[in-house]
Amino acid sequence: MAKRKTIDGELGEERVTRRSTRGRTVKEEVVDEEMIVEKVKAKDTVKTKGMAVKKSPIKDEESESKEEVKKTETLPAKTNGTAPSAPGERQHWLLKAEPESRLEKGHDVKFSIDDLAAKSVPEPWDGIRSYAARNNLRAMKKGDLAFFYHSSCKTPAIVGVMEIVQEHSPDLTAQDPKAAYYDPKDTDPSNPRWSVVHVEFREKFSNPLTLRELKDMQGSWKEISEMQLLKQSRLSVTGVTGGEWEFLMSVIKKREKGDVKEEM
DNA sequence: GCCAACGTTGGC
DNA sequence: GCCAACGTTGGC
């Protein structure tokens with residue numbers, strides 16, 4: 001995911017960006033893992049951005065380290081679906097990004113499914129600044145699948161699928177004062193507060209499943225009556241249970257086929 | 001630890 | 001632009 005519009009810009013480097021909660025992404029340099037590792041260790045800068053759920057400035061660090069760690073920090077966001085936990089099984093998620101341009105500290109955080117599809121290297125999903133969302137990022141395993149959801153736009157909808165190709169690593173964009181989602185509280189080098197996971201595009205649906213449709217189906221289909229997305233509308237990174245994933249994919253595929261909309 | 005005020009997200 | 005949901009802050 002990533003990024004925004006950078007698509008044209010620099011190519012050589014590739015920058016990546018990501019998204020975040022609400023928005024989406026920003027760009028940054030592309031980094032590969034090695035770079036990431038290095039950055040993580042050494043420096044601090046990344047410049048990119050991310051947004052995401054931002055949260056607020058949290059309390060101070062100490063608190064963060066302590067209490068926060070306890071409570072918020074550790075639990076995967078609520079209940080929902082996080083993923084199946086059976087060993088070896090893939091977990092499923094839903095990540096939101098904003099497909100329409102919006103400036104955050106001077107950076108356009110736009111990041112759509114098409115932006116992700118255009119990437120040639122794993123995209124860091126950065127900018128997440130909500131503990132519940134970040135905890136979900138940290139619970140992701142390589143190989144997990146996630147719905148790409150367009151938010152804060154004309155037609156909020158699940159528009160495609162991506163795969164988690166690299167588990168969490170520090171989101172150093174939080175430490176870059178110029179980044180869209182800079183977090184002044186994230187100052188302890190030994191304990192980066194925010195995380196990213198790297199994702200790769202897998203598919204774009206010809207017929208997106210809109211939020212409106214999801215809500216309409218929610219009442220009559222028990223399979224999705226408890227979806228975290230629908231119960232915690234502000235969370236930008238939510239869990240999707242195996243049953244929810246299977247149900248939604250079947251609905252999506254069915255409509256793709258003949259484009260029959262089954263309105264459930 | 002409770003809770004009111006306040007800020008943000010995100011759909012509409 | 002409005003507003004509901006929800007998280008954080010900070011007084012007590």
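All values reported here derive from a predicted model rather than from experimental measurement. No hydrogens, no waters, no symmetry mates; every other heavy atom, side chains included, goes into these values.
The CZ-P distance, from A/Arg134 to B/dT9, rounds to 17 Å in whole Å. A/Leu214 has its CG atom 16 Å from the P atom of B/dG10, to the nearest Å. In this structure, A/Lys96 places its NZ atom 18 Å from P of B/dT8, rounding to the nearest Å. Put simply, NZ on A/Lys231 is 19 Å from P on B/dG10, counting in whole angstrom units. Here the P atom of nucleotide B/dT9 and the CZ atom of A/Arg102 are 7 Å apart, to the nearest Å. The interatomic distance linking A/Arg129 (CZ) with B/dG10 (P) rounds to 14 Å, in whole Å. Atom NE2 in A/His150 sits roughly 16 Å away from atom P in B/dC12 (whole-Å rounding). Distance, A/Leu235 CG to C/dC6 C1': 10 Å, rounded to whole Å.
Atom CZ of A/Arg202 sits in a crowded spot, with more than 12 heavy atoms from other residues, nucleotides or ligands closer than 6.0 Å.
Distances shown here put a side-chain N or O of A/Tyr149 below 4.0 Å from the OP1 or OP2 atom of B/dG11.
A/Lys204 and A/Asp114 are joined by a salt bridge, as a carboxylate oxygen and a charged side-chain nitrogen come within less than 4.0 angstrom of each other.
If you check B/dG10, C/dC6, C/dT8 against the side chain of A/Arg234, the one that comes closest is C/dC6.
Looking at residues two or more places apart in sequence or on another chain, you find no ring pair (Phe, Tyr, Trp, His ring centres under 6.0 Å) involving A/Tyr149.
As judged by a 4.0 angstrom heavy-atom cut-off over every strand, A/Lys215 is placed among residues touching the sugar-phosphate backbone only.
Heavy-atom minimum distance, A/Pro122 versus A/Val165: CB-CG2, 3.7 Å.
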